[in-house]
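Working notes, beginning with the structure itself.
Order of the sequence lines sets the chain letters (A, B, ...), proteins ahead of strands, with each chain counted from 1.
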4 protein chains.
Amino acid sequence: MDKVSKHAQKSNESYQRLMDAAFKVFGQYGYEKASIDLLAKEAGYTKGTFYLHFKSKEDFFLEFMDHKLSVYKQNFLPLLNSNTTFESIISQGINIFYKLSNEDNWIPLFFEFCSIAVRNENVKERMSIYYREWFKLICMVLEKGKQANKLSANLDLDITSRKIVAVLDGYNLQNSFVSNGYSLDEVEQLIKQILELD
Amino acid sequence: MDKVSKHAQKSNESYQRLMDAAFKVFGQYGYEKASIDLLAKEAGYTKGTFYLHFKSKEDFFLEFMDHKLSVYKQNFLPLLNSNTTFESIISQGINIFYKLSNEDNWIPLFFEFCSIAVRNENVKERMSIYYREWFKLICMVLEKGKQANKLSANLDLDITSRKIVAVLDGYNLQNSFVSNGYSLDEVEQLIKQILELD
Amino acid sequence: MDKVSKHAQKSNESYQRLMDAAFKVFGQYGYEKASIDLLAKEAGYTKGTFYLHFKSKEDFFLEFMDHKLSVYKQNFLPLLNSNTTFESIISQGINIFYKLSNEDNWIPLFFEFCSIAVRNENVKERMSIYYREWFKLICMVLEKGKQANKLSANLDLDITSRKIVAVLDGYNLQNSFVSNGYSLDEVEQLIKQILELD
Amino acid sequence: MDKVSKHAQKSNESYQRLMDAAFKVFGQYGYEKASIDLLAKEAGYTKGTFYLHFKSKEDFFLEFMDHKLSVYKQNFLPLLNSNTTFESIISQGINIFYKLSNEDNWIPLFFEFCSIAVRNENVKERMSIYYREWFKLICMVLEKGKQANKLSANLDLDITSRKIVAVLDGYNLQNSFVSNGYSLDEVEQLIKQILELD
DNA sequence: GATGAATGAGTTTTCATTCAT
DNA sequence: CATGAATGAAAACTCATTCAT
């Protein structure tokens with residue numbers, strides 16, 4: 001293994017470890033209270049290493065956000081190639097959503113994204129992209145439902161996807177603060193009602 | 001007069017001015033970046049005066065949150081005594097929600113509440129209370145629908161109120177980041193679908 | 001003594017002490033290595049107090065420069081109202097210059113001003129003003145020489161004042177690095193040669 | 001090969017490139033703000049290479065100073081072997097001085113040397129040597145004037161050379177901050193006055 | 001020779017909080 | 001009631017230097 005690749009490998013490792021640490025630290029402390037010091041220490045490095053990779057805290061946050069939202073969405077891609085029934089795909093989708101939502105730090109992180117986005121155009125832009133991709137992905141899944149004659153040909157997929165996202169976001173919000181809020185079963189039931197599947 | 005009894009002084013002018021300033025400053029800068037200096041100056045006072053009324057920034061934030069959420073809910077109380085048709089009450093409610101949501105700083109502030117709540121038990125407790133009261137209020141409205149035979153007697157009001165809140169929250173979230181998201185009409189249509197009014 | 005004046009008095013005192021500390025600290029360490037920490041400590045305060053009075057290090061430096069250059073020039077004002085012979089006024093002026101130049105920290109500070117001025121437009125602007133006032137003052141003194149028929153009516157005072165300043169600056173520069181450089185007597189002799197007094 | 005013998009390696013390409021970079025970078029940013037990173041990059045290398053050649057930033061600066069001042073003086077050596085009239089040699093010297101002074105970065109660098117010298121004995125020592133050599137060189141030129149009977153045999157060359165250097169330094173200082181300061185012609189006129197040539 | 005990852009001490013700046021007036 | 005001077009802890013960011021490759 002030559003010099004170059006050894007250096008590159010080390011660089012990659014520290015980059016990755018900083019990203020991983022960010023998930024934990026930004027989730028746990030929020031953007032403002034997550035210090036670079038803590039972030040770096042959590043990754044097993046010192047501040048200096050952080051600035052070797054990123055030129056500022058905001059820069060890093062943006063990059064981390066891109067990374068995190070991209071990974072988040074990839075979890076849903078298998079739905080597009082699934083061979084099971086449409087109803088089953090819907091259920092699976094909800095389950096994946098549920099699993100991801102319960103990952104430590106994801107919900108706090110998501111609120112952080114929202115909270116910063118309303119004041120920072122760069123972050124807002126990323127949220128916007130994230131939502132659009134979200135809608136598109138759901139539209140693609142719903143399209144399969146139409147092709148399988150499970151959904152009415154009249155159903156406006158754009159609007160429907162937006163409704164579904166609203167219901168899921170609303171569910172997460174509510175469950176963060178109210179124990180014994182409504183259950184996943186009820187989410188599924190509501191989504192099926194929106195899809196006129198029942 | 002000790003700090004605790006300060007809660008009783010809500011009629012004070014300085015108290016009110018600080019609350020108003022908080023709505024603006026916390027909304028615009030977020031909790032962490034809103035300095036006491038700025039807060040006090042916005043209210044027309046200096047730091048010293050702030051500490052005359054509140055023992056810490058967190059304390060103040062908590063009291064402000066109580067104040068703000070309480071004022072927020074009061075906007076919906078007229079719905080309970082309204083004499084119009086049930087459908088009209090629903091429409092009115094959605095309109096009030098829409099108007100409040102578009103008030104400057106409300107959405108940023110709400111995200112701030114969420115973002116802090118997931119990490120701070122005191123704030124979380126308040127969010128929890130807020131949501132419960134929200135549910136209760138909607139239940140009371142829906143009860144009128146049942147009495148007017150507009151809603152099925154079988155409809156589980158607890159679950160239904162939760163669904164409605166989710167839809168409204170989800171709508172706000174989405175509209176904060178995606179222009180041309182779904183419209184108020186669609187919200188109303190979806191809520192009516194949930195209520196099986198159509 | 002009322003509250004206001006007590007507060008104002010304290011404020012004045014800390015401002016003054018910070019200015020005094022600056023003369024010592026900037027002179028001793030130079031702008032870059034003079035930390036706010038040290039500056040404040042030298043004045044008997046902490047960093048926070050510094051930022052109560054000045055919004056940044058650069059801002060402070062500019063204000064300090066104004067202050068210092070203004071005080072510097074005031075030392076020469078008595079020359080304008082002196083009643084002695086023109087030759088004596090010239091000698092006195094050179095002596096004042098000599099005394100000020102040998103004040104601890106003045107020369108280092110002056111080099112600092114020069115060194116920063118070439119890279120910072122704000123500082124350069126101040127240096128430019130300083131020099132122009134310098135020229136003007138010398139012109140006024142020389143004018144007295146003309147009125148007393150000690151100087152040729154043909155002498156161009158603008159050019160002459162510039163030459164004198166150059167000789168004095170050059171003297172200071174040289175004496176900072178070379179011991180046994182040329183003496184004050186020689187400066188006086190050279191200036192008299194420029195003035196065609198000999 | 002130890003660090004000390006590095007002085008002998010002045011023919012190295014990397015050495016030369018670092019020296020050239022230093023002229024630019026120290027001139028542009030000043031000693032404190034010129035980072036090794038930038039210095040190395042400007043020379044086409046990386047930090048590591050820098051430390052291969054020099055043991056510290058200060059060390060490098062000292063060596064750079066030696067190098068630069070030595071190159072500076074070499075520009076005047078042709079004057080010693082010139083065959084033209086004494087007056088013409090004087091004019092040539094002033095012109096060389098003028099040309100060098102207007103080289104980008106030279107004046108800022110010179111102020112940097114001064115500014116550091118008053119606080120650093122090593123740097124001061126080099127400035128002292130520089131000035132002494134300067135005086136010596138001028139004395140040698142003036143000696144030619146004496147031999148050609150252009151200068152009075154009574155003229156004290158040591159003192160005269162000091163005066164000339166002061167005038168030149170003063171000219172540079174003044175022209176750095178005041179546009180429309182006195183002109184080269186006036187410098188020449190003043191120097192001739194000092195030499196009693198007029 | 002040359003690279004660049006990693007460090008850690010140091011720098012400017014902000015800000016919640018206290019307290020004498 | 002109200003002020004504002006003073007504090008000190010903590011934050012983002014910089015940079016000379018080292019060293020494994």
Side-chain angles (χ1 to χ4, degrees), chain A residues 1-15 32-40 44-60, chain B residues 12-14 32-40 44-60, chain C residues 1-15 32-40 44-58 60, chain D residues 1 12-14 32-40 44-60:
Chain A
M1 189 170 295
D2 64 341
K3 292 179 194 179
V4 175
S5 69
K6 248 304 175 48
H7 271 160
Q9 191 185 310
K10 274 203 142 194
S11 183
N12 275 342
E13 192 190 331
S14 52
Y15 179 95
E32 295 295 344
K33 299 225 99 177
S35 73
I36 305 295
D37 226 348
L38 188 61
L39 207 50
Y45 296 98
T46 58
K47 272 196 296 279
T49 306
F50 175 91
Y51 283 98
L52 214 59
H53 290 281
F54 310 98
K55 78 178 219 295
S56 72
K57 191 183 184 184
E58 182 178 345
D59 232 54
F60 174 65
Chain B
N12 278 359
E13 192 194 336
S14 51
E32 295 295 343
K33 302 220 104 182
S35 73
I36 304 293
D37 226 349
L38 188 60
L39 215 43
Y45 295 101
T46 56
K47 274 196 293 273
T49 310
F50 175 91
Y51 281 96
L52 220 55
H53 290 276
F54 305 97
K55 79 176 215 292
S56 72
K57 191 183 185 183
E58 183 179 345
D59 229 54
F60 174 68
Chain C
M1 187 170 296
D2 65 340
K3 292 179 195 180
V4 175
S5 68
K6 246 308 174 45
H7 270 162
Q9 191 186 310
K10 274 204 140 189
S11 184
N12 275 341
E13 191 192 333
S14 50
Y15 178 96
E32 295 294 344
K33 300 226 100 178
S35 74
I36 306 296
D37 224 349
L38 188 61
L39 206 50
Y45 296 98
T46 58
K47 274 193 293 277
T49 306
F50 174 90
Y51 283 98
L52 213 62
H53 290 280
F54 310 97
K55 78 178 219 295
S56 71
K57 190 183 184 183
E58 183 178 345
F60 174 66
Chain D
M1 187 177 294
N12 277 1
E13 191 194 337
S14 50
E32 295 295 343
K33 301 220 105 182
S35 73
I36 305 293
D37 225 349
L38 189 60
L39 214 44
Y45 295 100
T46 57
K47 275 197 291 277
T49 309
F50 175 91
Y51 281 96
L52 220 55
H53 291 275
F54 305 96
K55 80 177 216 290
S56 72
K57 192 183 183 182
E58 183 179 344
D59 229 56
F60 174 68

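A straight line from CG of C/L39 to P of F/dA6 spans 15 Å, rounded to a whole angstrom. Look at CG on A/N12: it is 14 Å from C1' on E/dG4, rounded to the nearest Å. Following rounding to the nearest Å, A/L38 (CG) and F/dA10 (P) show an atom-to-atom distance of 13 Å. In this structure, the CZ atom of A/F60 is 16 Å from the C1' atom of F/dA11, given to the nearest Å. Rounded to an integer number of Å, the gap from OH of C/Y15 to P of F/dG4 is 19 Å. In this structure, the NE2 atom of C/H7 is 17 Å from the P atom of E/dT18, given to the nearest Å. For B/L52 and E/dA20, the CG to P distance is 15 Å, given to the nearest whole Å.
Looking at residues two or more places apart in sequence or on another chain, you find no side chain to side chain donor-acceptor pair (under 3.5 Å) involving A/Y51. The side chain to side chain donor-acceptor pair (under 3.5 Å) check on D/K47 picks up D/D37, with sequence neighbours excluded. Partners of C/E32 by side chain to side chain donor-acceptor pair (under 3.5 Å), not counting sequence neighbours: none found. For C/S14, the side chain to side chain donor-acceptor pair (under 3.5 Å) partners are C/H53, not counting sequence neighbours.
The line from CZ of A/F54 to CZ of A/F60 is 5.0 Å long, rounded to the nearest 0.5 Å. Distance check, rounded to the nearest 0.5 Å: OG1 of D/T46 to CG of D/L52 gives 9.5 Å.
Note on A/T46: every side-chain N or O is 4.0 Å or more away from OP1 and OP2 of E/dA6. Proximity of D/T49 to the phosphate of E/dT3: a side-chain N or O atom is located under 4.0 Å from OP1 or OP2.
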Next on the checklist: Each nucleotide in nucleotides 10-16 of chain E should get exactly one letter: B, S or -. Can you fill that in based on protein heavy atoms under 4.0 Å?
Outcome noted: B-SBB-S
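Under a 3.5 Å cut-off, the side chain of D/K57 and the backbone N or O of D/A34 do form a donor-acceptor pair.
Taken together, the paired segments of DNA chain E that extend over three or more consecutive Watson-Crick or G-U pairs, each closer than 3.5 Å at both contacts, are E:2-21 with F:2-21.
Aromatic rings of C/Y45 and C/F50 (six-membered ring for Trp) have centroids beyond the 6.0 Å cut-off, not under it.
Relative to the side chain of A/H53, the nucleotides E/dA5, F/dA2, E/dA6 differ in distance, and E/dA6 lies closest.
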